[in-house]
*Asks:* 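Okay, here's the structure, questions in a sec.
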Amino acid sequence: MSLLSRVAERIYWAARYLERAETTSRLARVYGNLLLDLPRQAGMTWDVLIEITGCGTIYRDAHPNPGVDTAERFFVAAKSNPSSVRSSLAWARESVRTTRDIVPSEAWRSINELCMDVTQELDADTSHRRRYGIHTRVVEGCQQISGLLADTMSHDAAYQFFKIGRHIERADMTTRIIDVAAAALLGREDLARFDNTLWMAVLQSLSAYQMYRQKVRRRISAPDVMQFLLKNDQFPRAIAFAYRELGASLASLPRNAEALKKLGTLRRMLAVLDAARLDNATLHQWIDDAQLGLGELHSLIHATWFEPTANAFQQQTQFQSAPAPSPAPPRTA
Amino acid sequence: MPIDWAQYQPNQFYDELFAAPGEARPAARKLASYLASLGTRELAERQRDAERAIAEMGITFTVYTEGQNIDRAWPFDVIPRTIEASEWARIERGLVQRLTALNRFIDDLYHERRIIADGLVPDDIISTSSNFLPACIGANPPHGVWANICGTDLVRDGDGTVYVLEDNLRVPSGVSYMLENRMVTKQVFPEMFEHASIVPVDDYASQLFDMLASLSPRKVDFPRVVVLTPGIYNSAYFEHSYLAQRMGVDLVEGNDLVVADDECVYVRTIRGLERVDVIYRRINDTSLDPECFDKDSVLGVPGIMRAWRAQTVAIANAPGAGVADDKVVYAYVPKIIQYYLNEEPILPNVPTLLLRDDEARERVLGELERWVVKPANESGGYGMLIGPRSTPEERVAMAESVRANPRNYIAQPVLALSTAPTLVQSEIEPRHLDLRPFILQGQRTYVTPGGLTRVALRRGSLVVNSSQGGGSKDTWIVATDS
């Protein structure tokens, strides 16, 4: 018996929001530390992180006169920010709540506990001292859920949609992080002194530092970091890895021709990219194209598997007025 | 501090656990001495453990207030309610008898209407019932059974008699809470389960699945069974998803299903449309099919009634089954049992006056403060009046409603509902309760051992509905050696 379209969609979004919460917490944790080390003219502020998640406009509209902590709070705790840690977890929880019949009950329990803990912490305390702890809790909680699913859920179509959601979100997030880091760093002679620190932070925000060191045995440099994060297909947060996983998951689904074709285009774009000779403008253009491509892949996935209207038997009457409550406003679409 | 049960005073009420102060009933003896050894402080700690577990497991119910949905943690009292196994055996027989007769009755109403022709049930009661659906006349659900899942509310009066208060034959809910209550109790009192012989309840989901599968019109090895929910904001959504998960079947919403030109029901999947055999629906009759009933319903599936009548799909409970859970029809159930089964009812009804009778109506309206008055078709305790606890304004309003539509109201005497010890702010006090066992009927009949015990947490209150401040307890059917 095949998976329900609506369930596939919710699982996909559960994965995307879990991944988003985790990456957002990783970013907050690393940059929180980094900001203490950098001079002001580096221009690395919480506003930059908000740009990474694509919520700059919402932020500036909501807070025309930000105070000292406003940006950080918005990034982590704001209900009004659809990509904050709090919102992402809440959406992830709602998606799992509404697929509880499919998702192993331990995973539901985990996400529910995680949401309770984090909400409580965020409501109770915003002192710098404890923020680190919250983010560690989020990262560990998300990891625990992914692990639970990997080990207690049949690796059937439902699980493949979970993986697809995770890797699309991850690829998208990694491109954003690279984009912003490059814009801030490439070609800034005045910051050369901090180069090492900054690229280290980029790697750390993707938990890539150790793996990078093992793989690239020389001084940290921008081209090497870029090469690693874009094209290494063995490191789980690199784009090439995400594409490979997407390929494997898509291949196991029915009616996959269109989606696989789109992914093929994305993979070729990556293959011909020469990360060692990138200037800022070329990189930025490439990343724009990659993000656009990921958005198109999302739309294809939606049209192929989630869209309940794609059928000859479709009745024309009642359905238009009865949309399935879809919990998630897509960001990349 | 150890608990001194001699201090526990249920007063004039029948207590489920104690025959007299300090004297536990046989089924409760082990429990009472175990709790006494724990003491109130430890007990309060276990209560907190239970509440934490409930929050973590996400056991919730949803309340609507002012247009908002609020997810609340399921209210639970750690002290279980016990029932002697031998007493339960009799109740179980009574429940099976009752549902069997009710199903014969429903089938008769939609076919020959013998019981009306024979003059036992007046025609106008059926024809004016909003739950009688002409669209169901002549339909033939599998095994001739219309109400496959029934949640019967039982109460015990002051003299110890167990009465049937209501038959819920439409979309009764609560069984998931019965199952979760047991899970939680096992976590907080593991010691008890090692020593006492408490009948397990966790068989329910397999029993439910087997019953549903037995309704499949296609005789295939793996019929596709689905649970149809009104959606993620419904107050019982937790239960819908819980049951689907436990049975390993799909939880669907109306727009996941479609009726094709071949009059079969299909579900939309990532591979396209797939045939559905059995629908355990948790939406109301009138929301089922906008072609047939409520035109504005967006919860249902257009054409599903055609498919059901063509017997390409089974729906449980069958549309129209609710005609037998009208509170006016309720008054006739003892006669219905005698008529179809030629047996005496094992479980009595609460004495019930139909306010359509002029004499009964004048009597009740003259002394409203002594009666419980209920509308015929409400559930969840809404719209009813508990005379002794009502204000003069409420009584005036009720009298007006009754006179405007007398057929729609019944009156019952105020029962002295039984009590059980309940933990209230770290003190043990008696609280009133009822019991909702669940009965499954397909080819065979199954009754849950015990059921969902609901308890009125406010002192003296008789309202056990969770939406109105009620709580719940685990229910133990205990086999004693005697």
Side-chain angles (χ1 to χ4, degrees), chain A residues 1-12 93-106 108-117 156-158 160-161 253-256 301 304-327, chain B residues 52-53 55-60 71 183 222-227 229 231-233 237-238 240-262 264-276 289-291 295-303:
Chain A
M1 290 184 208
S2 311
L3 180 67
L4 259 58
S5 296
R6 184 180 43 74
V7 173
E9 182 175 11
R10 285 187 186 156
I11 288 180
Y12 168 87
R93 179 184 181 275
E94 186 63 5
S95 306
V96 177
R97 181 177 87 86
T98 53
T99 46
R100 272 170 90 168
D101 48 317
I102 299 288
V103 173
S105 41
E106 293 121 304
W108 158 248
R109 213 179 147 132
S110 258
I111 176 80
N112 195 39
E113 245 183 283
L114 178 62
C115 267
M116 276 169 31
D117 288 357
D156 54 9
Q160 299 310 326
F161 279 103
L253 295 175
R255 311 195 289 176
N256 57 9
I301 289 170
T304 310
W305 292 295
F306 304 160
E307 197 77 84
T309 52
N311 212 287
F313 289 126
Q314 174 62 38
Q315 307 226 348
Q316 294 305 314
T317 49
Q318 287 289 324
F319 293 113
Q320 281 82 1
S321 56
S326 167
Chain B
R52 174 81 195 167
E56 281 175 9
M57 288 153 83
I59 309 173
T60 58
D71 248 2
M183 289 267 285
F222 301 102
R224 187 163 196 148
V225 177
V226 299
V227 177
T229 174
I232 62 175
Y233 299 114
Y237 179 77
F238 167 81
H240 308 159
S241 101
Y242 180 93
L243 291 174
Q245 183 208 47
R246 287 303 151 112
M247 290 191 286
V249 306
D250 289 313
L251 178 65
V252 304
E253 294 169 18
N255 52 11
D256 293 323
L257 299 179
V258 61
V259 179
D261 297 339
D262 58 1
C264 293
V265 179
Y266 293 86
V267 59
R268 298 169 211 276
T269 79
I270 58 165
R271 282 177 205 281
L273 296 184
E274 292 182 359
R275 174 92 182 259
V276 172
D289 188 345
E291 272 185 14
K295 304 276 175 291
D296 299 322
S297 169
V298 293
L299 303 175
V301 186

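Bear in mind the structure is a predicted one, so any value in this text is a computation, not a measurement. Convention: sequence-line order gives letters A, B, ...; per-chain numbering from 1.
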*Asks:* Between S110(A) and chain B, with a heavy-atom cut-off of 4.5 Å, which part of the residue counts as in contact: side chain, backbone, both or neither?
*Replies:* neither
*Asks:* Any donor-acceptor pair under 3.5 Å linking the side chain of N112(A) with the backbone of E56(B)?
*Replies:* yes
*Asks:* Side chain, backbone, both or neither: which part of N256(A) has an atom under 4.5 Å from a heavy atom of chain B?
*Replies:* neither
*Asks:* For the CD atom of E274(B) and the CG atom of L3(A), what is their distance to the nearest 0.5 Å?
*Replies:* 9.5 Å
*Asks:* So, for A55(B) and M116(A), which heavy atoms are closest and what is the spacing to 0.1 Å?
*Replies:* O-SD, 3.8 Å
*Asks:* Which atom pair, heavy atoms only, marks the closest approach of Q245(B) to S105(A)?
*Replies:* NE2-CB, 3.6 Å
*Asks:* What pair of heavy atoms forms the shortest contact from M57(B) to W108(A), and how long is it?
*Replies:*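 Heavy atoms of M57(B) and W108(A) come nearest at O-NE1, 3.0 Å.
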*Asks:* Test R6(A) against every option in D256(B), N255(B), T269(B) by the side chain to side chain donor-acceptor pair (under 3.5 Å) rule and name the one that passes.
*Replies:* D256(B)
*Asks:* Before giving the answer on side chain to side chain contact (heavy atoms under 4.5 Å, CB included), spell out for R10(A) and I232(B) the whole-Å C-alpha distance, their side-chain angles and the decisive distance to 0.1 Å.
*Replies:* CA-CA 12 Å; R10(A) 285 187 186 156; I232(B) 62 175; 3.7 Å; yes
*Asks:* Might you point out which heavy atoms bring F238(B) and R100(A) nearest each other, and give the distance in Å?
*Replies:* CE1-NH2, 3.0 Å
*Asks:* Please name the pair of heavy atoms, one in D250(B) and one in D101(A), separated by the smallest distance, quoted to 0.1 Å.
*Replies:* C-OD2, 4.2 Å
*Asks:* For R52(B), is it the side chain, the backbone, both, or neither that has a heavy atom closer than 4.5 Å to a heavy atom of chain A?
*Replies:*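 For R52(B), the side chain is the part near chain A, not the backbone.
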*Asks:* Walk me through whether L253(A) and I270(B) qualify under side chain to side chain contact (heavy atoms under 4.5 Å, CB included).
*Replies:* CA-CA 8 Å; L253(A) 295 175; I270(B) 58 165; 4.2 Å; yes
*Asks:* V226(B) versus chain A, heavy atoms under 4.5 Å apart: side chain, backbone, both or neither?
*Replies:* neither
*Asks:* Relative to chain A, which segment of Y242(B) carries a heavy atom at a distance below 4.5 Å: side chain, backbone, both, or neither?
*Replies:*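 No part of Y242(B) comes within 4.5 Å of chain A.
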*Asks:* Shortest non-hydrogen contact from R224(B) to S2(A)?
*Replies:*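 The answer is NH2-O, 2.8 Å.
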